[in-house]
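Everything below concerns the one structure shown next.
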Amino acid sequence: TYYLTISSSPEKKIAYATQNSTQFNISGNPEIVTTSDNTKVTDDACEVLPAKSLIGKIALIRRGACTFAQKVANAQAADAIGVIIYDYKLLTPFINSTAIKIPFALIKAEDGEFIFDQMHKNKKNIKITFYNETLPFTNPTSGKISSFSSLGPSYELDIKPEIAAPGGSIFSTYPIKLGSYETLDGTSFATPYITGCVAILFEAKGKLSADETKKLLMNTAHPIEVLATSNQTATQTSIAGQGAGLVNLLDALSSTISISPPKLPLNDTANYKALNTLNVKNSGKDIVKLTVTHVGAQAVSGYNFTESFVPRGIPVYQDSFAEVNISESSIVLGPGQSKNIKIVIKPPADLDNDSYFIFSGFILFSDKAGNKSYSVPYMGMKGNYKTLPILDTAVGTPFIQTENHEIYRNHSQNVTFTLQGDDCPILAVRLGQGTRILAIDIVPADSKVQSNVGELNNRISSPLMAEKFPQDDQVPNGQTNLTQSDTQINRNFPDSLGKIAKEGVFYYAQRNQDTGSNNGYLFIWKGKVDTYDGKRDIDVPNGSYRLVVSALKLYGDEKNKKDWEIWVSPRLDIQRPYFKL
């Protein structure tokens with residue numbers, strides 16, 4: 001990595017890490033300043049900093065309480081030219097935001113505290129110099145899950161991801177004109193690594209089926225411990241982050257043990273599967289003795305419902321473990337033999353039902369004589385998954401916005417549109433969770449249809465995704481040309497005129513994110529409907545209407561009225577100046 005020095009102690013080389021392992025892109029010797037009064041502040045630079053307080057300076061900020069992106073954005077808004085964040089280990093920082101325009105880097109906590117002390121001890125300005133030279137350091141995240149790696153589970157609480165592979169800080173080839181070699185991150189490295197493993201497996205064992213291949217790789221993967229801080233006990237990373245663990249090709253090639261199924265998704269505690277059976281088979285020529293144990297993994301929750309129904313950017317982790325009873329503490333398998341083992345898994349008693357914690361762990365099988373190990377991951381959710389809210393009313397959506405950026409969200413409100421040019425209702429929807437079906441109906445304003453979602457907050461006071469206005473709709477991936485069967489979806493409103501034309505039904509709509517361009521969906525209604533009897537793109541006459549948003553709950557049955565979240569818009573008065581049917 002590259003290093004820096006400070007003017008008060010130029011002999012001390014301080015290593016730093018940037019997102020792409022490149023040099024800090026600042027020349028000269030700028031001044032470095034702190035944004036807090038001591039090194040123990042946990043929310044350093046998490047709030048807006050005084051305007052122009054960092055003009056031309058590098059900000060030294062402690063990690064904690066909020067994202068790197070928020071800290072750097074606040075420093076940037078105060079006119080800093082760069083940010084140095086000090087952390088408990090020298091990690092590769094990752095910020096996924098095009099709004100960040102200034103360079104940022106991480107240094108170790110002790111180096112940050114050293115610079116802090118130098119500034120306050122010397123009582124004078126400290127200058128910083130970045131060198132175009134490198135020095136070696138031990139990568140503390142080696143063999144650990146990358147901080148930017150996506151968390152599961154799937155929308156049906158299946159264990160996803162299923163396996164991990166090297167994909168962080170990978171030194172590899174690069175276009176010659178850009179330097180030939182580079183250290184980079186991402187699935188673009190982990191995926192070909194797995195593909196290479198599969199190719200070698202096929203060469204050694206013959207072509208296996210997809211299920212056999214996956215089971216072999218998962219059975220022999222090595223569980224991954226968390227990247228522990230100085231005051232944290234090392235434990236297993238949540239299965240929601242690592243799946244079966246780190247792929248181990250050597251163990252997969254030499255394995256004679258097969259465990260089915262290779263994973264145990266337990267569902268939520270409202271639909272729970274406590275009793276599970278694992279079949280262990282020895283396909284080798286030797287007798288194998290396996291010791292069977294259990295190890296818990298971190299529990300994780302992604303929600304803070306006082307802020308939003310969208311999962312938070314930084315999840316909450318907790319050392320809460322399931323109680324596991326195993327029918328056999330050890331088994332002996334002769335060549336070709338198999339044996340069933342009963343596993344009873346009780347959810348952690350100390351987890352709150354309303355926080356939707358994901359709990360998980362491993363059933364471990366150890367062959368001490370052969371110096372081999374195998375494992376099967378399990379995972380469940382504490383709480384009733386079906387009650388997770390879909391429409392993000394916590395931030396005040398859905399709502400209607402106008403071309404003038406006015407917002408209307410209450411049923412008692414009304415707003416007039418001429419449908420001329422951009423003067424059309426814009427429906428803003430934010431999904432806290434993905435939904436299998438999202439539908440939008442048009443009903444007369446005097447319809448008896450009622451919303452069944454919670455009271456809307458007013459946290460969003462400016463138009464959703466205003467930076468995209470007044471461009472085309474920002475809609476979920478899915479159906480955009482409705483068939484007659486599409487218009488029949490959730491036909492629970494007797495007075496519905498039909499679905500909004502072309503965009504009235506979406507299947508498998510993904511959830512939104514807390515920030516960025518995917519923070520919500522916009523639908524522009526131009527006064528047209530697709531009717532239940534098969535007519536398309538029909539103009540509604542001038543009059544008063546409401547939009548009805550329907551989102552199918554997780555695990556929901558589309559034929560059950562109770563399984564839909566419903567929101568009814570304010571009154572929309574359509575008054576075209578020259579309209580005739």
Side-chain angles (χ1 to χ4, degrees), residues 1-3 15-25 63 67-73 82-108 134-152 160-197 217 221-222 224-229 237-238 240-249 300 302 311 313-315 317 513-518:
T1 187
Y2 293 97
Y3 69 89
Y16 66 86
T18 59
Q19 182 158 317
N20 293 319
S21 301
T22 53
Q23 186 183 8
F24 204 87
N25 188 24
R63 177 179 183 168
T67 63
F68 290 159
Q70 187 171 341
K71 292 175 183 287
V72 177
V83 171
I84 301 290
I85 298 175
Y86 55 102
D87 198 0
Y88 61 94
K89 289 186 179 180
L90 187 59
L91 306 170
T92 301
F94 181 79
I95 295 179
N96 183 21
S97 173
T98 57
I100 301 301
K101 306 298 183 184
I102 61 175
F104 57 92
L106 249 65
I107 61 176
K108 291 190 292 187
T134 59
L135 47 83
F137 77 103
T138 300
N139 182 358
T141 63
S142 177
K144 307 295 184 183
I145 294 296
S146 298
S147 61
F148 56 84
S149 190
S150 296
L151 291 170
K160 296 287 180 177
E162 292 175 309
I163 199 163
S169 300
I170 304 297
F171 184 70
S172 186
T173 52
Y174 208 57
I176 293 173
K177 290 184 179 180
L178 298 178
S180 299
Y181 301 95
E182 185 62 275
T183 300
L184 296 169
D185 309 292
T187 312
S188 298
F189 301 94
T191 300
Y193 192 99
I194 290 287
T195 306
C197 290
L217 291 178
H222 287 201
I224 303 169
E225 290 185 346
V226 299
L227 179 63
T229 61
T237 298
S238 171
Q242 66 166 310
L246 181 62
V247 63
N248 190 295
L249 177 60
V300 57
I314 301 178
Y317 292 94
Q513 295 175 328
D514 212 22
T515 58
S517 61
N518 185 31

Taking side chain to side chain donor-acceptor pair (under 3.5 Å) as the test, write out the residues that go with [X], two or more places apart.
| X | answer |
| --- | --- |
| D87 | R63 |
| T183 | none |
| Y2 | none |

Q) For A165, what residues pass the side-chain contact (heavy atoms from CB on, under 4.5 Å) criterion, not counting sequence neighbours? A) A190, Y193, I194, V247
Looking only at non-hydrogen atoms, find the nearest pair between [X] and [Y] and report the distance.
| X | Y | value |
| --- | --- | --- |
| G167 | F189 | CA-CB, 4.0 Å |
| A69 | I100 | O-CD1, 3.9 Å |
| S150 | P161 | O-CD, 4.3 Å |
| A221 | A244 | CB-O, 3.5 Å |
| I163 | L217 | CD1-O, 3.5 Å |
| K144 | E225 | CD-O, 3.4 Å |

Can you tell me how far apart [atom1] ([X]) and [atom2] ([Y]) are? Round to the nearest 0.5 Å.
| X | Y | atom1 | atom2 | value |
| --- | --- | --- | --- | --- |
| F148 | T187 | CZ | OG1 | 8.0 Å |
| I84 | I107 | CD1 | CD1 | 6.0 Å |
| S146 | I170 | OG | CD1 | 8.0 Å |
| Y181 | I176 | OH | CD1 | 8.5 Å |
| I145 | I224 | CD1 | CD1 | 3.5 Å |
| T134 | Q23 | OG1 | CD | 10.5 Å |

Q) Just wondering, are more than 12 heavy atoms of other shown residues or ligands nearer than 6.0 Å to CG in L178? A) yes
Q: Take L106 and F68 through the test side-chain contact (heavy atoms from CB on, under 4.5 Å) and record every step on the way to the result.
A: CA-CA 10 Å; L106 249 65; F68 290 159; 4.0 Å; yes
Q: Could you note down all residue pairs passing side chain to side chain donor-acceptor pair (under 3.5 Å) where residues 162-179 supplies at least one of them, sequence neighbours left out?
A: T92-S169, K160-E162, E162-K214, E162-K263
Q. Quick check: does any side chain N or O of T1 sit under 3.5 Å from a backbone N or O of A15, one acting as donor and the other as acceptor?
A. no
Q) Ignoring hydrogens and geometry, is there a side-chain-to-backbone donor-acceptor pair from T18 to T22 under 3.5 Å? A) yes
Q. Do S238 and L151 come close enough that some side-chain heavy atom pair is under 4.5 Å?
A. no
Q: Answer yes or no: is there a side-chain heavy-atom contact under 4.5 Å between F104 and I85?
A: no
Q) Residues two or more places apart in sequence or in another chain: which of them pass ring pair (Phe, Tyr, Trp, His ring centres under 6.0 Å) with Y16? A) F130
